[in-house]
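The next block holds one structure in the form of structure tokens; read it before the comments.
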Protein chains: 2
Amino acid sequence: MSAARNPEAGPPGEAGRPRPSRAERRRQTEERILASARREFAERGYERTTIRGVAGAAGVDPALVMQYFGSKDQLFRQAVHVPAGEELPAEPAEFAELLLSILGVKLSGQAATMPLLRSAFTHPEATEAVRASLAAQIAQGARAIPADDPELRSALLVAVLLGVTTGRHLLELDHLRDASPEQITDLLRPAFQALIRGSSEPDA
Amino acid sequence: MSAARNPEAGPPGEAGRPRPSRAERRRQTEERILASARREFAERGYERTTIRGVAGAAGVDPALVMQYFGSKDQLFRQAVHVPAGEELPAEPAEFAELLLSILGVKLSGQAATMPLLRSAFTHPEATEAVRASLAAQIAQGARAIPADDPELRSALLVAVLLGVTTGRHLLELDHLRDASPEQITDLLRPAFQALIRGSSEPDA
DNA sequence: GTCTATACGCTGATAGAC
DNA sequence: GTCTATCAGCGTATAGAC
């Protein structure tokens, strides 16, 4: 600690380089490891990914991963940590559209939640994280549902999102995988509306 | 092999016992092991269940499990093997009810498919088994859907079943766990109908 | 036939050389 | 700071004693 200079403050002797030295390089390799870990956790799940595996994929030494993150569990936590995106509840009328747009982004890109979701059923900590996140979404959504049993309706809506995303990305069911996000959201729209308000056909 | 008598043919010296001997006892312990394996696979998933664990829970020696089933993977296959229940497609009008009744049984009892489902996202073989089973259900359901995009609609319906069952049994989301199967199926009915035919409100 | 003892590989994790 | 060498534990699977 005593003789170490602040790596951010002092510029190196070379003038031309955009100073990729010291702590900057460390942050880069750390990010490389995290990216590699996310890939491995996403496609193999917690128990099947190994420290050696992510180190190899990142091109670094296994011991370095331990040095940086301490343990496999802490690596997992940092890899799957999502900034807890807070979404605002909309009015009941547009609530379906909000949900559909959320589903849209989950369907298009390889969602950042996939590493977590893959391990959600086998790794206890991942289970708890996913459950807590979904519970928050459910509670939030329930406030935008005017019909009876708002919590259960909200839970069912979240379960639908869960089933569709897992079916597409994790199980890769053919038709779900091939369809465009728009196709899916279009087909789901009436179902969502039916779930949000009480009936599909207003009075039979 | 030479001196061994056929255990099925020759009755033992005792006359009063209902002959629980030989192969009958073997079948019983084998079934105990399978039951124990199903429990472990169901609540821990493939990678976290150990031969020693199922043997301990079944009250037998770990080596016996290997003797009977050969390997962990073969034990898993036998434990999760479901007789491939063939359901008949109904008319489009009653198709929603059929799906809802299927969901009802999946929601009430601890479904026999849970050991498989828990490992579906981490164990490749389980993934393939679940995917094949769901694909069959999707193809079957598509034939009962008169609207456009029948396969995608069917896939979405299956995905909903998947999401609701996993949300209830695997993630144990509060409101899904507490609700009765009837509550859930009642709330889902309009959504299913909307998904089967094209629109929720016939012409807007 | 059933269990004891053990082999072997691979895991996460640690200590110490460079 | 980075990597080599190694530890201890647990996993499946096997060989042999009873």
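A, B, ... follow the sequence lines: proteins, then strands. Residue 1 opens every chain. Computed from a predicted structure; not experimentally measured.
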Check: In whole angstrom, what separates Glu40(B)'s CD from dG11(D)'s P?
Finding: 11 Å
Next item on the list: Return the value, rounded to whole Å, for the distance between atom OH of Tyr46(B) and atom P of dG11(D).
Entry: 13 Å
Margin query: Expressed as a whole number of angstroms, how long is the span from Arg48(A):CZ to dG12(C):P?
Written below: 13 Å
Item checked: Heavy-atom closest contact (Arg153(B) atom, Ile196(B) atom, distance) -> CD-O, 4.2 Å
Next item on the list: Tell me, with the steps shown, if Glu47(A) and Thr122(A) meet side chain to side chain donor-acceptor pair (under 3.5 Å).
Entry: CA-CA 8 Å; Glu47(A) 8 276 332; Thr122(A) 51; 2.5 Å; yes
Margin query: Rounded to whole Å, how long is the line connecting atom CG of Leu75(A) with atom P of dA13(C)?
Written below: 10 Å
Notebook entry, point to check: Do other residues, nucleotides or ligands put more than 12 heavy atoms under 6.0 Å from Lys106(B) NZ?
Noted result: no
Margin query: Return a single string for nucleotides 2-8 of chain D, one symbol per nucleotide in 5' to 3' order, where B is base contact, S is sugar-phosphate-only contact and - is none, cutoff 4.0 angstrom on heavy atoms.
Written below: BSB----
Check: Less than 4.0 Å between a side-chain N and a carboxylate O, is that true for Arg189(B) and Glu97(B)?
Finding: yes
Margin query: Rounded to whole Å, please give me the gap between CZ in Arg44(A) and P in dT11(C).
Written below: 11 Å
Checklist line | Given Leu161(B), Leu195(B), Leu103(B), the one that forms side-chain contact (heavy atoms from CB on, under 4.5 Å) with Leu188(B) | finding: Leu103(B)
Checklist line | Residue that, paired with Glu31(A), satisfies salt bridge (Lys or Arg N to Asp or Glu O under 4.0 Å) out of Arg26(A), Arg38(A), Arg25(A) | finding: Arg38(A)
Notebook entry, point to check: Between atom NZ in Lys72(A) and atom C1' in dC10(D), what is the gap in whole Å?
Noted result: 13 Å
Note to self: Rounded to whole Å, please give me the gap between CZ in Arg27(B) and C1' in dG1(C).
What the structure shows: 18 Å
Check: Between Met66(A) (CE) and dA13(C) (P), how many Å, whole number?
Finding: 4 Å
